[in-house]
2 protein chains.
Amino acid sequence: MSSTSSMSSTANEVPVIKVRPEPESLPDPLPEPAVEDLRLETVLGALSDPLRLGIVRKLLLESEAFDHSCGWFGLDRPKSSLTHHFRALREAGVTRQRQYGLERRSHVRVDDLNARFPGLLGLVAAWVPDRASTG
Amino acid sequence: MSSTSSMSSTANEVPVIKVRPEPESLPDPLPEPAVEDLRLETVLGALSDPLRLGIVRKLLLESEAFDHSCGWFGLDRPKSSLTHHFRALREAGVTRQRQYGLERRSHVRVDDLNARFPGLLGLVAAWVPDRASTG
DNA sequence: TGTTAAGTTCGAATGGAGTCGTACTGAGCT
DNA sequence: AGCTCAGTACGACTCCATTCGAACTTAACA
C-alpha cells in the first residue's frame with residue numbers, strides 16, 4: 001500500500017532511474033471479485049466469447065513477466081469495444097487489471113482460477129480459434 | 001450384453017413383451033454436432049446458464065445407467081422453456097438426446113467431452129449452485 | 001376411439017450482451 | 001500551456017438469449 005519508494009537523491013545529481021514497479025509498489029487492482037466469490041457460470045460466460053477467449057489464451061501463452069496493456073493484443077476493434085471486453089473479463093474474475101499511468105494492464109488470475117476451477121485454464125490454453133476470429 | 005431375451009413364446013400366443021431397448025437397438029440420436037466439431041466457446045456458452053449447469057451436473061452425479069427424460073430433473077419451469085434448454089445443450093454437443101416413445105431422454109456425452117475438453121466435466125460436477133437456482 | 005401426458009412449435013415480450021461513434025478524462029511529454 | 005495518446009463514459013443500435021403461453025403432435029393406454 002503506502003510504499004512511497006523514496007528515491008534517495010543527493011540533491012545534486014538526480015538519478016533519473018526508470019523504476020519498474022516492484023511487487024511491493026504495484027498500483028491497486030481495479031475492482032474485482034474475491035477468490036471465494038468467483039462463480040463458475042460467470043467465468044464460463046466470460047470465456048464463451050471468442051474474442052475474450054483469445055485474449056486469455058494469448059495472455060496464458062505469450063505473456064511476459066509483466067502485465068500487458070490493451071494494445072499489446074493487436075485487436076482490430078474500436079477502443080470502446082475493447083474496454084467492454086476487458087471489463088467483462090475483470091468483473092468475471094478472469095483477469096486482474098492495474099492502472100500504470102495511462103495504460104491499464106491485464107494479467108490472468110492464474111492462482112485464483114486454478115484454486116477454484118482446476119483445469120479450466122488448461123482448456124483455454126489449448127483452445128484453437130476458429131478461422132477468422134479474435135480479430 | 002446382446003441378450004435378446006427371447007422370452008419363450010410358443011408361436012401362438014404372441015408374447016407382449018416390453019423389450020427395453022438394448023444398446024444395439026437404441027433410437028437414433030437427435031441431430032448433434034460431431035465430436036470433432038465441438039467448439040469450446042459454444043460448450044462454455046451452453047454451460048454458462050445456471051439451469052443448464054445444474055442439468056449437466058445432476059446428470060453427472062445422479063444419473064442411472066440409462067438416459068433420463070425431461071421430467072426426471074424436477075425442474076419447475078414450463079415445458080417450452082425446458083425444450084429450449086435441453087436443445088441448447090444438445091446443439092452445443094454437451095448432451096445426447098434420444099426419443100423413447102413420448103419421452104426424449106438425455107445423457108451427457110462424457111467420452112466426447114473428455115476427449116476434446118479434458119477436465120471440463122470435473123468442473124461441472126464440482127459446481128456448487130448458488131442459493132436459489134436450478135429451479 | 002378417446003384420453004392422457006411428454007414434448008414441440010410458434011409467436012411475443014423482455015432483457016441483456018455485443019458493437020461502435022463521439023465526447024471526455026487524465027498522464028506524460030515538450 | 002498545449003499536445004498526444006490510452007482508455008473510459010455514454011448513448012444508440014442491433015441481435016440474441018431467455019421466458020412463457022397457447023396450440024399442436026404423437027405415443028401409450030384403457
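Below, chain A is the first sequence line, B the second, and so on; all start at residue 1. Atom set for the values below is all heavy atoms of this structure, side chains included, hydrogens, waters and symmetry mates excluded.
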- Which nucleotide in C:dC20, C:dT8, D:dG7 has an atom nearest any side-chain atom of A:C70: D:dG7
- Item | Ionic contact status for B:D67 with B:R96, cut-off 4.0 Å | no
- Message: Strictly below 4.0 Å: does A:H85 bring a side-chain N or O up to OP1 or OP2 of C:dA17?
- Response: no
- Message: So that I know where these two stand, are B:Y100 and B:F66 an aromatic pair - ring centroids less than 6.0 Å apart?
- Response: no
- Side-chain N,O (B:S81) to OP1/OP2 (D:dC20) below 4.0 Å: yes
- Below 4.0 Å: OP1/OP2 of C:dT8 and any side-chain N or O of B:R87: no
- Which distance, rounded to the nearest 0.5 Å, do you find between the CD of B:E32 and the CG of B:L38? 8.5 Å
- Message: Any base atoms under 4.0 Å from B:H84, or only sugar-phosphate, or nothing? Heavy atoms, all strands.
- Response: base
- Starting at atom CG of B:L89, determine the distance to atom P of D:dT18, rounded to an integer number of angstrom. 10 Å
- Item | Side chain of A:R52 (C-beta onward), nearest among C:dG7, D:dC20, C:dG18 | C:dG18
- Given that A:A88 and A:S80 both sit by DNA chain C, which one's nearest nucleotide is further toward the 5' end? A:A88
- Task: Compare the minimum distances between each of D:dC20, D:dT18, D:dA6 and the side chain of B:R77, then state the nucleotide with the smallest one.
- Result: D:dC20
- Item | B:L82 CG - C:dA5 C1' separation (whole Å) | 15 Å
- Query: Rounded to whole angstrom units, what separation is found between the CG atom of B:D49 and the C1' atom of D:dA17?
  - Reply: 9 Å
- Report the distance from atom CG of B:L51 to atom P of D:dT19, rounded to the nearest whole Å. 7 Å
- Does the base of C:dG7 carry an N or O that pairs as donor and acceptor with the side chain of B:T83 under 3.5 Å? no
- Message: Without decimals, in angstroms, what is the distance between A:L102 CG and D:dG7 C1'?
- Response: 8 Å
- Note on the structure: Separation of D:dA6 atom P from A:Q97 atom CD, nearest Å, is 16 Å
- Taking atom types as modelled and ignoring hydrogens, do the side chains of A:R105 and A:H68 form a donor-acceptor contact shorter than 3.5 angstrom? no
- Message: Do A:L59 and A:W72 have side chains that approach each other closer than 4.5 Å (heavy atoms only, starting at C-beta)?
- Response: yes
- Between CD of A:E91 and P of C:dA17 the distance, given in whole Å, is 10 Å
- Counting side-chain heavy atoms from CB outward, which of C:dC20, D:dT8, C:dG7 is closest to A:K79? D:dT8
- A:F86 CZ to D:dA9 C1': how many Å, rounded? 18 Å
